[in-house]
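What follows is a short report on a single structure.
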2 protein chains.
Amino acid sequence: MCPAGSSRWCPTPEQVMILEEMYRSGVKTPNATQIQQITSHLSFYGKIEGKNVFYWFQNHKARERQKLRRKLTKQLQLQQQQLFHHYFDSLPSPAFQHHSYYNSPPPFPQVT
Amino acid sequence: MCPAGSSRWCPTPEQVMILEEMYRSGVKTPNATQIQQITSHLSFYGKIEGKNVFYWFQNHKARERQKLRRKLTKQLQLQQQQLFHHYFDSLPSPAFQHHSYYNSPPPFPQVT
DNA sequence: GCAAATTAATGATTTATTCAAG
DNA sequence: CTTGAATAAATCATTAATTTGC
């Protein structure tokens, strides 16, 4: 995990939490000034440098995109299977939009 | 327990145990195929549909996260208080007001 | 002990995001 | 800038635990 004499930065849970909150709040690629401010704020929770913050945002943004791309790729690969299961599933997934227009109580196709 | 004409799925203890075990084993957001497999496996222990499995994983994941988040938030609040008492230098609240991001839609000035 | 009342868990819906494609 | 696809967050609604007065 995070050895005492670790050669690289190990964010504390608090630091991660705050960074993620900032990311969600719209800080995607902070500029130098923002990075400095963030760094001094987060240094309360543990050792941290500006470059750590810089890298964190770079990596986080990249990995979020990666995640999405992988998901989409997987989907494509699964399309065949999904087609096959189409007639057998009672699935809402994925990202089901049940626009319950008017009350159609069984929200899903139910092809059991 | 589970009323006869219940309007919603009531998992049996066996089903819950297996679902939790799967979750611990790394199944966090199963895709349609996995959901179907899980469903047919669990249907041995009682009535169950794909959408129940889908919802269960969504809810379980969200609520695990919630638990962690609450814990960290508590810690943060404690530390903030301690900090405030110790130095009552009031953390100059830099550029990033993380205004709990579900408040105002345009999230951030975006100085990119 | 036992229900009615109240609170906590949790299944099911809706709403707000995210990234990327067009 | 808008939209599609997928999700995660927030919320609603019902079931289970529990508390309370008798």
Side-chain angles (χ1 to χ4, degrees), chain A residues 16-17 19-29 57-79 81-83 85-86 89-110, chain B residues 1-20 22-23 27-35 38-39 42-43 45-73 98-108 110 112:
Chain A
V16 171
M17 197 182 160
L19 287 167
E20 283 173 346
E21 180 63 20
M22 288 176 182
Y23 186 85
R24 275 193 298 270
S25 301
V27 183
K28 308 288 181 186
T29 55
F57 278 97
Q58 287 235 119
N59 284 322
H60 192 71
K61 189 167 53 172
R63 283 165 186 155
E64 287 293 303
R65 286 179 179 160
Q66 225 174 35
K67 224 175 1 178
L68 222 115
R69 256 195 301 275
R70 271 199 298 262
K71 253 179 236 167
L72 291 179
T73 301
K74 211 175 210 172
Q75 260 177 43
L76 284 176
Q77 290 170 346
L78 280 169
Q79 267 183 356
Q81 281 175 293
Q82 309 237 350
L83 270 178
H85 281 289
H86 178 257
D89 282 357
S90 64
L91 291 183
S93 77
F96 56 104
Q97 254 97 336
H98 37 60
H99 306 267
S100 42
Y101 293 133
Y102 12 108
N103 279 348
S104 45
F108 300 107
Q110 274 292 45
Chain B
M1 287 287 255
C2 213
S6 178
S7 63
R8 65 185 212 183
W9 172 59
C10 290
T12 71
E14 294 90 352
Q15 288 172 334
V16 172
M17 270 195 321
I18 294 172
L19 287 167
E20 283 173 347
M22 285 178 179
Y23 187 86
V27 182
K28 308 287 183 184
T29 55
N31 59 44
T33 305
Q34 291 176 300
I35 287 177
I38 293 168
T39 302
L42 291 186
S43 65
Y45 302 102
K47 208 173 185 184
I48 189 172
E49 294 180 61
K51 66 180 183 181
N52 304 132
V53 174
F54 176 78
Y55 291 143
W56 189 92
F57 278 96
Q58 291 286 316
N59 281 319
H60 195 70
K61 188 169 53 172
R63 281 161 183 159
E64 288 291 304
R65 260 199 297 259
Q66 216 175 40
K67 260 192 286 190
L68 277 179
R69 176 169 280 263
R70 271 200 294 259
K71 208 165 73 175
L72 287 180
T73 300
H98 32 80
H99 45 67
S100 52
Y101 69 101
Y102 7 83
N103 271 354
S104 46
F108 209 76
Q110 274 293 42
T112 45

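In what follows, chains are A, B, ... by sequence order, proteins preceding strands, each numbered from 1.
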- Task: Round to a whole Å and report the spacing from CG of B/Asn59 to C1' of C/dT14.
- Result: 13 Å
- Is B/Glu20 reaching over with its side chain to a backbone N or O of B/Met17, donor-acceptor style, under 3.5 angstrom? no
- Show the numbers, then the answer: is there a side-chain contact (heavy atoms from CB on, under 4.5 Å) between B/Gln15 and B/Trp9? CA-CA 11 Å; B/Gln15 288 172 334; B/Trp9 172 59; 3.7 Å; yes
- Note on the structure: With the side chain defined as heavy atoms from C-beta on, A/Leu68 is closest, among C/dA12, C/dC19, D/dA8, to C/dC19
- Message: Measuring to OP1 and OP2 of C/dA12, would you say a side-chain N or O of B/Asn52 lies under 4.0 angstrom away?
- Response: yes
- Item | Proximity to the side chain of B/Tyr55 - top-ranked nucleotide from D/dT15, D/dA8, C/dT13 | C/dT13
- Residue B/Lys28 excluded, over 12 heavy atoms near NZ under 6.0 Å: yes
- Task: Starting from the first five and the last five pairs of the helix from C/dG1-D/dC22 to C/dG22-D/dC1, work out the angle between the resulting helix axes, to 10 degrees.
- Result: 20°
- Item | Pairing of A/Glu64 and A/Lys61 as salt bridge, 4.0 angstrom limit | no
- Task: Check the distance between D/dA5's P and A/Glu64's CD and give it to me in whole angstrom.
- Result: 21 Å
- Atom pair distance, as rounded to whole Å: CZ in B/Phe57 and C1' in D/dA8: 16 Å
- Message: Distance check needed: C/dA20 C1' versus A/Lys28 NZ, whole Å only.
- Response: 13 Å
- A/His60 side chain reached by A/Leu19 side chain, heavy atoms, under 4.5 Å: no
- Note on the structure: Rounded to the nearest 0.5 angstrom, the CD1-CZ distance for B/Ile38 and B/Phe54 is 12.0 Å
- From NZ of B/Lys51 across to C1' of C/dT13 the rounded distance in Å is 11 Å
- Query: For C/dG11, does OP1 or OP2 lie under 4.0 Å from any side-chain N or O of B/Ser7?
  - Reply: no
- Task: Could you check whether A/Tyr23 gets within reach of a base, just the sugar-phosphate, or nothing at all, counting any heavy atom under 4.0 Å?
- Result: sugar-phosphate
- Message: Let's test your reading of the model: under 3.5 Å, does the base of C/dT10 pair with the side chain of B/Arg8 as donor and acceptor?
- Response: yes
- Item | A/Leu68 CG to A/Arg65 CZ distance, which is reported to the nearest 0.5 Å | 10.5 Å
- Message: What is the separation between atom CD on B/Glu20 and atom C1' on C/dA9, rounded to the nearest whole Å?
- Response: 13 Å
- Message: What is the distance, to the nearest angstrom, from the CD atom on A/Gln66 to the C1' atom on C/dA20?
- Response: 15 Å
- Item | Rounded distance (Å) that lies between atom P of C/dA8 and atom CZ of B/Arg63 | 15 Å
- Message: Please confirm whether the shortest side-chain N or O distance from A/Arg69 to OP1 or OP2 of C/dA20 is below 4.0 Å.
- Response: yes
- Task: Just call it for B/Arg65: base, sugar-phosphate, or nothing, with non-hydrogen atoms closer than 4.0 Å on any strand.
- Result: sugar-phosphate
